[in-house]
Protein chains: 2
Amino acid sequence: MGRNKKFDPTVVLHDIGWLFIKNGYNGTSLDDIVKVTGILRGSLYSTFGSKLGMFIAAFELSLHEEDPQLKWGLLLIAMLEVAPQSTKVAQMIQTWYATNQTPDIEAQIGHALLRHSGIITKGE
Amino acid sequence: MGRNKKFDPTVVLHDIGWLFIKNGYNGTSLDDIVKVTGILRGSLYSTFGSKLGMFIAAFELSLHEEDPQLKWGLLLIAMLEVAPQSTKVAQMIQTWYATNQTPDIEAQIGHALLRHSGIITKGE
DNA sequence: ATTATTATTGACTATTCAGTCAAAAATAAT
DNA sequence: ATTATTTTTGACTGAATAGTCAATAATAAT
């Protein structure tokens with residue numbers, strides 16, 4: 001009963017995820033998110049609860065999906081910016097790490113960060 | 001002529017550096033910096049010009065010093081948070097990378113990030 | 001001792017921030 | 001068609017933000 005959402009949360013979370021990757025977590029404002037998604041703050045808050053809720057939902061989505069760019073981008077931001085202020089995010093990273101531990105995992109992370117910061121590109 | 005500084009900029013930059021490591025760049029406010037250093041904003045601005053100037057000075061110092069914790073902490077923050085909004089910082093990282101490129105550099109970066117985020121500790 | 005120069009002080013500003021909420025709109029269920 | 005329920009809307013709030021600046025204090029150079 002009542003109306004249905006006008007937007008697809010999954011689509012919106014992709015937009016939000018890429019925005020966090022571009023600007024960082026603390027570097028992204030809610031006005032930025034409103035602008036990028038076209039969804040007004042009230043709707044965003046009623047769906048995701050808080051800015052942190054938006055990050056967590058986008059991060060979780062990225063872990064259950066195929067796009068490695070999105071996943072690595074959000075992982076880096078989660079590790080460096082968000083984990084210190086959210087035990088839930090810290091636990092999510094822990095879980096991911098426990099599941100994905102390989103001999104070259106550190107090199108993979110380092111590679112992702114070098115790519116993220118633009119110091120190396122594609123093949124390099 | 002005129003009075004000399006009451007504080008040692010090098011000491012202050014260490015305090016600022018550790019604060020940036022703890023809270024991130026965008027997560028650190030000038031009130032935080034004032035509190036930690038005991039130096040009022042006017043003096044900080046007349047010495048370092050801007051918040052970005054404070055980061056750059058602390059980062060540069062860390063690259064010319066011995067403390068690896070400080071250096072790696074600021075490198076991570078520089079790569080993930082600051083480089084996207086400062087070409088100067090991006091160049092500093094480039095220069096550092098060109099000079100310190102080794103076969104295991106990516107693993108080193110990944111290791112530093114895992115440590116920073118508390119996912120691994122000391123020996124692990 | 002005077003003075004020109006520099007540093008300190010901290011109140012102030014204008015802007016941006018995350019988050020709220022009452023009203024309006026839409027619609028699923030009956 | 002009515003109604004109960006949900007979503008949307010966007011103006012609003014109080015707090016925090018980076019940065020400024022005129023006044024004051026200190027002092028190095030003369």
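The sequence lines fix the lettering, A, B, ..., with proteins before strands; numbering per chain opens at 1. Heavy-atom basis, side chains included; hydrogens, waters and symmetry copies ignored.
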At under 4.0 Å, does any side-chain N or O of A/K6 touch on OP1 or OP2 of D/dT9?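 Affirmative; the distance criterion is met.
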
Just N and O in the side chain of B/K5: are any of them under 4.0 Å from OP1 or OP2 of C/dA7?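 Looking at the OP1 and OP2 atoms of C/dA7, one of them is under 4.0 Å from a side-chain N or O of B/K5.
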
Looking only at non-hydrogen atoms, find the nearest pair between [X] and [Y] and report the distance.
X: B/I119; Y: A/Y97; result: CG2-CD2, 3.6 Å
X: B/M79; Y: A/S117; result: O-CB, 3.2 Å
X: A/S50; Y: A/Y45; result: CA-CE2, 3.7 Å

Between the side chains of A/T102 and A/D104, is a donor N or O closer than 3.5 angstrom to an acceptor N or O?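 Yes, because at least one side-chain N or O of A/T102 sits under 3.5 Å from a partner of the opposite role on A/D104.
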
Result of checking B/L30, B/T37, B/T47 against B/M54 for side-chain contact (heavy atoms from CB on, under 4.5 Å):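 Running side-chain contact (heavy atoms from CB on, under 4.5 Å) over B/L30, B/T37, B/T47 with B/M54 returns exactly one hit, B/L30.
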
Should the pair B/K88 and B/F59 be classed as cation-pi, given the thresholds of under 6.0 Å to the six-membered ring centre and 45° from the axis?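 Cation-pi check for B/K88 and B/F59: fails.
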
Round to a whole Å and report the spacing from [atom1] of [X] to [atom2] of [N].
X: B/F7; N: C/dT8; atom1: CZ; atom2: C1'; value: 9 Å
X: B/L40; N: D/dT20; atom1: CG; atom2: P; value: 16 Å
X: A/L44; N: D/dT8; atom1: CG; atom2: P; value: 9 Å

Which atoms of nucleotides 24-27 of chain D (N or O only) lie under 3.5 Å from a protein N or O atom, and what are those distances?
| unit_1 | atom_1 | unit_2 | atom_2 | d |
| --- | --- | --- | --- | --- |
| D/dA25 | N3 | B/R3 | NH1 | 3.1 |

Any residue meeting side-chain contact (heavy atoms from CB on, under 4.5 Å) with B/Q91, in chain and number order, not counting sequence neighbours: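 With sequence neighbours excluded, B/Q91 shows a side-chain contact (heavy atoms from CB on, under 4.5 Å) to no residue whatsoever.
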
Between protein and nucleic acid, restricted to nucleotides 18-22 of chain C and to nitrogen or oxygen atoms under 3.5 Å apart, what atom pairs and distances do you find?
| unit_1 | atom_1 | unit_2 | atom_2 | d |
| --- | --- | --- | --- | --- |
| C/dA18 | OP1 | A/T28 | O | 3.1 |
| C/dA18 | OP1 | A/K51 | NZ | 2.9 |
| C/dA18 | OP2 | A/L30 | N | 2.6 |
| C/dA18 | N7 | A/R41 | NH2 | 2.9 |
| C/dG19 | OP2 | A/Y45 | OH | 2.9 |
| C/dG19 | OP2 | A/K51 | N | 3.0 |
| C/dG19 | N7 | A/R41 | NE | 3.4 |
| C/dG19 | N7 | A/R41 | NH2 | 3.0 |
| C/dG19 | O6 | A/R41 | NE | 2.7 |
| C/dG19 | O6 | A/R41 | NH2 | 3.3 |

Would you call the rings of A/F48 and A/F7 parallel, tilted or perpendicular, where under 30° means parallel and over 60° means perpendicular?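 Geometry flag for A/F7 against A/F48: tilted rings.
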
